[in-house]
Amino acid sequence: MEVKEKHATFTPGPWVISCIDEVKDSLMVGGGDDGSDIVANVRTYENDILNLQGELYDDIPVYRSRINVHGNCWVTGYETESLDKREKEVKKRLAELEKKEKKAHANARLIAAAPNMYQLLRDVLVDYQAEAKAEGWDLPIIGQEVRELLAKVDGGEG
């Protein structure tokens, strides 16, 4: 199969991960000469985590400190059982958000590595093609797959 060859028009690497001052819940991946060309904005969960931590470590202990000797909370609507249940819910939600936060950072790292991976695949393809030509055999399937993937990235047909 003939592959149309084009060259990538994406922002040149290296790409770097950063955040903008005072902007929470966002990681920016930027490229170009100084990293200022934003290529991706990855949503994080920093504000949600901070809010839940505030509730868990600030609010619930305050309510607990108001419990009288009979185990009843002085604040209307809060008893020890409801506080225990709420604390458990908050801890579960916090664990979920921290897991999502780790994934967001991993996604940002993967995106930032894209130009390096692209160049590495181009180098691998050149080596495969040179070896195949020198040995007089067809390009191995992995080489064909790399060529097709690069063609998709470059805007050609894979």
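Positions are given from 1, in the same order as the sequence printed here. Note that the coordinates shown come from a computational prediction; the quantities given were computed from them, not determined experimentally.
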Answer whether the closest heavy-atom distance between the side chains of [X] and [Y] falls below 4.5 Å.
X      : Y      : result
Ile142 : Glu145 : yes
Asn107 : Leu27  : no
Lys91  : Glu87  : yes
Ile17  : His105 : no
Asp154 : Tyr118 : yes

So does Asp138 have more than 12 non-hydrogen atoms from other groups sitting under 6.0 Å from CG? no
Atom CG of Asp48 and atom CG of Asp25: how far apart are they, to the nearest 0.5 Å?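 Going from the CG atom of Asp48 to the CG atom of Asp25 covers 5.5 Å.
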How would you list, by chain and number, every residue that makes a side chain to side chain contact (heavy atoms under 4.5 Å, CB included) with [X], sequence neighbours excluded?
X      : result
Leu121 : Val146, Leu149, Leu150
Gln53  : Ile49, Leu50, Tyr57, Leu94, Glu98
Ser36  : Asp34
Ala114 : Trp15

Search all heavy atoms of [X] against all heavy atoms of [Y] and return the closest pair with its distance.
X      : Y      : result
Lys100 : Tyr45  : CB-CE1, 3.5 Å
Leu125 : Gly143 : CD1-O, 3.4 Å
Ala40  : Ile111 : CB-CG2, 3.9 Å

By the side chain to side chain donor-acceptor pair (under 3.5 Å) test, which pairs, at least two apart or in different chains, include something from residues 127-137?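 Every pair satisfying side chain to side chain donor-acceptor pair (under 3.5 Å) with a residue in residues 127-137: there are none.
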Are Met117 and Val29 connected in the hydrophobic side-chain network, where two residues link if heavy atoms are under 4.5 Å apart?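 As far as the 4.5 Å side-chain criterion goes, Val29 and Met117 are not connected within one cluster.
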In this structure, would Val16 and Phe10 fall into the same cluster of hydrophobic residues linked by side-chain contacts under 4.5 Å? no
Got a salt bridge between Glu148 and Lys152, using NZ or NE/NH1/NH2 to carboxylate O under 4.0 Å?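 Here Glu148 does not pair with Lys152 in a salt bridge, since their nearest N and O are not under 4.0 Å apart.
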From CA spacing to verdict: salt bridge (Lys or Arg N to Asp or Glu O under 4.0 Å), Arg93, Glu96: CA-CA 5 Å; Arg93 180 71 179 133; Glu96 291 169 359; 3.5 Å; yes
Does a side chain donor of either Asn51 or Glu55 reach within less than 3.5 Å of an acceptor in the other side chain? no
Test of understanding: with salt bridge (charged side-chain N to carboxylate O under 4.0 Å, His left out), list the residues that count as partners of Glu89, not counting sequence neighbours.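 So Glu89 forms a salt bridge (charged side-chain N to carboxylate O under 4.0 Å, His left out) with Arg86.
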With a 3.5 Å distance limit and no angle check, can you tell me whether Thr44 reaches the backbone of Ser26 through a side-chain donor-acceptor pair?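 Side chain of Thr44 to backbone of Ser26: a pair is present.
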